[in-house]
Structures are given as structure tokens and as C-alpha cells.
Undergrad: 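Encoded as C-alpha cells, here's the structure I'll be asking about.
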Amino acid sequence: MRHENLVIRGGRVENDVWQALGVEPGEDLSTLPAGPIIFPFKLAAERIDELLQRKDPLGLWFAPDDDPADLAPRASRLVPRLSLIAVHFPKWGDGRGYSIGALLRTRFGWHGELRAFGEIGRDHLFYLARCGFDAFALAPHRDPHAALAGLSDFSLAYQGAVDDPVPLFRKRSTLAAGGSR
């Protein structure tokens with residue numbers, strides 16, 4: 001069964017109104033469709049004026065080899081117009097997107113929706129959330145309803161991360177010393 005046009009957001013599965021463009025090699029991007037689109041970061045700088053004129057919601061997506069540090073110099077005029085930023089995971093074992101997500105949240109201060117999409121599944125969701133992702137568009141052959149439980153696979157995390165920067169040992173030492181959480 002194919003589960004296209006569904007996204008996990010806010011701890012539940014919802015219909016997805018966004019269309020990610022330029023994911024397929026050779027995809028024709030000469031005319032942009034109406035409606036909410038997620039445009040490739042690599043092409044945004046050369047089409048920035050066209051993108052700024054759109055009335056529909058706009059997002060950008062990063063490929064694993066994109067550098068989020070390029071966001072400010074290449075697309076700074078576009079950033080205030082963005083409703084979401086997405087990071088593409090083109091194959092199952094490619095973990096570079098985790099770092100991109102963490103950098104977007106911590107170093108570059110992105111506070112809007114941060115979406116992981118592509119070849120991700122239940123096993124990835126908990127760790128993606130720890131890196132700052134708050135929305136997930138799974139591959140069409142993966143069931144987002146079944147994967148949703150992956151967000152709560154673990155009740156505690158030892159390390160600090162984007163979602164909770166205080167490591168567990170610091171929390172325990174504070175509690176042991178009579179402090180509050």
C-alpha cells in the first residue's frame with residue numbers, strides 16, 4: 001500500500017498539502033505549480049525573484065551535500081517568506097541530513113517547521129526529532145501510522161541534543177543535590 005501525501009506533524013498523521021519539486025532527476029521545473037511548494041535550495045538563488053513573487057506558501061529543501069551556511073548569503077531575501085525547510089534523505093543509510101537539521105536549528109536559528117523527507121522510517125523518527133525535526137514525510141511504501149510510535153521508542157536520552165540540551169547525568173546531579181527539574 002502506498003502512503004503518499006501524508007506527513008507526521010505534531011505527533012499525528014495529517015494530509016500533506018506541500019509538493020516537493022526537483023527531487024526526481026530531470027524533473028521539469030520550467031513552470032512552477034500553484035499551491036504550497038518546497039523548492040530545491042540549489043536552485044533557489046537563480047530563481048529568487050520568481051520565488052519571491054509567489055503568493056502561495058513556500059519552502060526550501062536541502063540535499064545531503066548542501067551546506068546550510070549558504071542559506072544566508074544565497075537566499076537571505078527568501079528566508080522571511082519560508083513556511084518550512086525540509087531536508088531530503090535520498091537513501092536509507094545517509095545520515096548527513098541529521099547534521100543539517102541540527103545546524104539549521106542551533107547555528108542558524110530556524111524556528112519554523114523542519115521536515116525530514118525521503119527514505120526515512122520508524123527507526124529514524126526519535127533521532128530525527130532529537131536533531132530538531134518536527135515533521136516527517138516518509139517514503140510512499142512506509143506506513144506513517146505505524147511509524148508514529150517511533151517518536152516514543154525511548155523514554156530517556158542520555159545525551160543532550162537539540163530537543164533537550166541538558167544531558168541526563170546533569171539532570172540527575174541537580175536532582176540529587178536537591179534542585180528541581
Side-chain angles (χ1 to χ4, degrees), residues 1-68 70-72 74-92 94-105 108 110-122 124-125 128-129 131-148 150-151:
M1 180 175 193
R2 295 184 68 77
H3 301 278
E4 297 178 79
N5 300 325
L6 294 176
V7 63
I8 297 173
R9 181 187 298 115
R12 63 184 192 276
V13 177
E14 303 175 350
N15 286 325
D16 188 14
V17 298
W18 291 88
Q19 182 179 352
L21 304 178
V23 178
E24 298 301 321
E27 185 178 335
D28 180 17
L29 297 177
S30 58
T31 57
L32 301 180
I37 62 168
I38 310 172
F39 198 75
F41 175 70
K42 277 186 169 83
L43 302 176
E46 61 194 57
R47 302 207 31 204
I48 195 163
D49 292 328
E50 177 185 5
L51 294 170
L52 285 170
Q53 291 175 14
R54 290 181 58 84
K55 302 293 183 219
D56 293 315
L58 179 64
L60 286 181
W61 67 266
F62 284 84
D65 58 346
D66 288 336
D67 184 351
D70 292 338
L71 183 61
R74 289 178 59 196
S76 60
R77 292 178 21 218
L78 199 54
V79 172
R81 277 268 293 116
L82 297 178
S83 299
L84 73 82
I85 293 179
V87 179
H88 187 227
F89 290 79
K91 57 186 179 177
W92 183 259
D94 192 336
R96 294 175 288 175
Y98 290 86
S99 298
I100 293 172
L103 287 169
L104 287 166
R105 288 285 192 216
F108 303 108
W110 177 252
H111 296 292
E113 180 176 319
L114 183 57
R115 175 183 294 202
F117 76 103
E119 282 298 328
I120 56 172
R122 176 194 167 122
H124 298 109
L125 297 188
L128 287 166
C131 292
F133 290 92
D134 55 7
F136 314 92
L138 282 59
H141 63 279
R142 301 200 186 285
D143 182 356
H145 297 282
L148 189 59
L151 288 170

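Starting from 1, each residue takes its place in the sequence as its number.
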Undergrad: Name all residues meeting the salt bridge (charged side-chain N to carboxylate O under 4.0 Å, His left out) criterion together with Glu119; count only those two or more places apart in sequence or in a different chain, and write none if there are none.
TA: Arg142
Undergrad: Do you know which of Val13, Leu138, Asp143 makes side chain to side chain contact (heavy atoms under 4.5 Å, CB included) with Leu6?
TA: Val13
Undergrad: Taking it one step at a time, do Phe133 and Tyr98 satisfy ring-ring contact (aromatic ring centres under 6.0 Å, His included)?
TA: CA-CA 9 Å; Phe133 290 92; Tyr98 290 86; 7.2 Å; no
Undergrad: Roughly how far, to the nearest 0.5 Å, is CD1 of Ile37 from CG of Leu21?
TA: 5.0 Å
Undergrad: Can you find a pair of side-chain heavy atoms, one from Leu84 and one from Leu114, that are under 4.5 Å apart?
TA: no
Undergrad: Taking all heavy atoms of Arg12 and all of Glu14, pick out the closest pair and write down the distance.
TA: NH2-OE2, 3.0 Å
Undergrad: Going through the distances and angles, do Leu58 and Leu78 end up as a side-chain contact (heavy atoms from CB on, under 4.5 Å)?
TA: CA-CA 9 Å; Leu58 179 64; Leu78 199 54; 3.5 Å; yes
Undergrad: Determine whether Asn15 and Asn5 make a side-chain contact, defined as any pair of heavy atoms from C-beta on separated by less than 4.5 Å.
TA: no
Undergrad: Search all heavy atoms of Ala135 against all heavy atoms of Val7 and return the closest pair with its distance.
TA: CB-CG2, 4.4 Å
Undergrad: May I ask you to say whether Asp134 pairs ionically with Arg9, meaning some side-chain N is under 4.0 Å from a carboxylate O?
TA: no
Undergrad: Can you tell me which residue pairs pass the side-chain hydrogen bond (donor to acceptor under 3.5 Å, both in side chains) test with a partner in residues 16-25, sequence neighbours excluded?
TA: Asp16-Arg115
Undergrad: Please tell me if the side chains of Leu82 and Trp110 come closer than 4.5 Å, counting only heavy atoms from C-beta onward.
TA: yes
Undergrad: With sequence neighbours excluded, what pairs up with Trp61 under the ring-ring contact (aromatic ring centres under 6.0 Å, His included) test?
TA: His88, Phe117
Undergrad: Go through the steps to decide whether Ile38 and Leu60 satisfy the test side-chain contact (heavy atoms from CB on, under 4.5 Å), and finish with yes or no.
TA: CA-CA 5 Å; Ile38 310 172; Leu60 286 181; 5.6 Å; no
Undergrad: Quick check for you: to the nearest 0.5 Å, what is the distance between Arg105 atom CZ and Ile85 atom CD1?
TA: 8.5 Å
Undergrad: Side-chain contact test, heavy atoms from C-beta onward, threshold under 4.5 Å: evaluate it for Cys131 versus Ile100 and give yes or no.
TA: no
Undergrad: Of all the heavy-atom pairs spanning Val87 and Gly97, show the shortest one and how long it is.
TA: CG1-CA, 3.6 Å
Undergrad: Considering only heavy atoms from C-beta outward, does the side chain of Ser83 approach that of Pro36 to under 4.5 Å?
TA: no
Undergrad: Test side-chain contact (heavy atoms from CB on, under 4.5 Å) on Glu27 and Leu29 and set out the steps.
TA: CA-CA 6 Å; Glu27 185 178 335; Leu29 297 177; 3.9 Å; yes
Undergrad: Can you pull out every salt bridge (charged side-chain N to carboxylate O under 4.0 Å, His left out) where at least one residue sits in residues 48-59? Sequence neighbours excluded, please.
TA: Arg47-Glu50, Asp49-Arg77, Arg54-Asp56
Undergrad: What closest approach, in Å, do Ala63 and Lys42 show between heavy atoms, and which atom pair accounts for it?
TA: CB-NZ, 3.9 Å
Undergrad: Just to verify, what does Asp28 make a salt bridge (charged side-chain N to carboxylate O under 4.0 Å, His left out) with, not counting sequence neighbours?
TA: none
Undergrad: Can you list the residues that meet the salt bridge (charged side-chain N to carboxylate O under 4.0 Å, His left out) rule with Asp94, with sequence neighbours excluded?
TA: Arg96
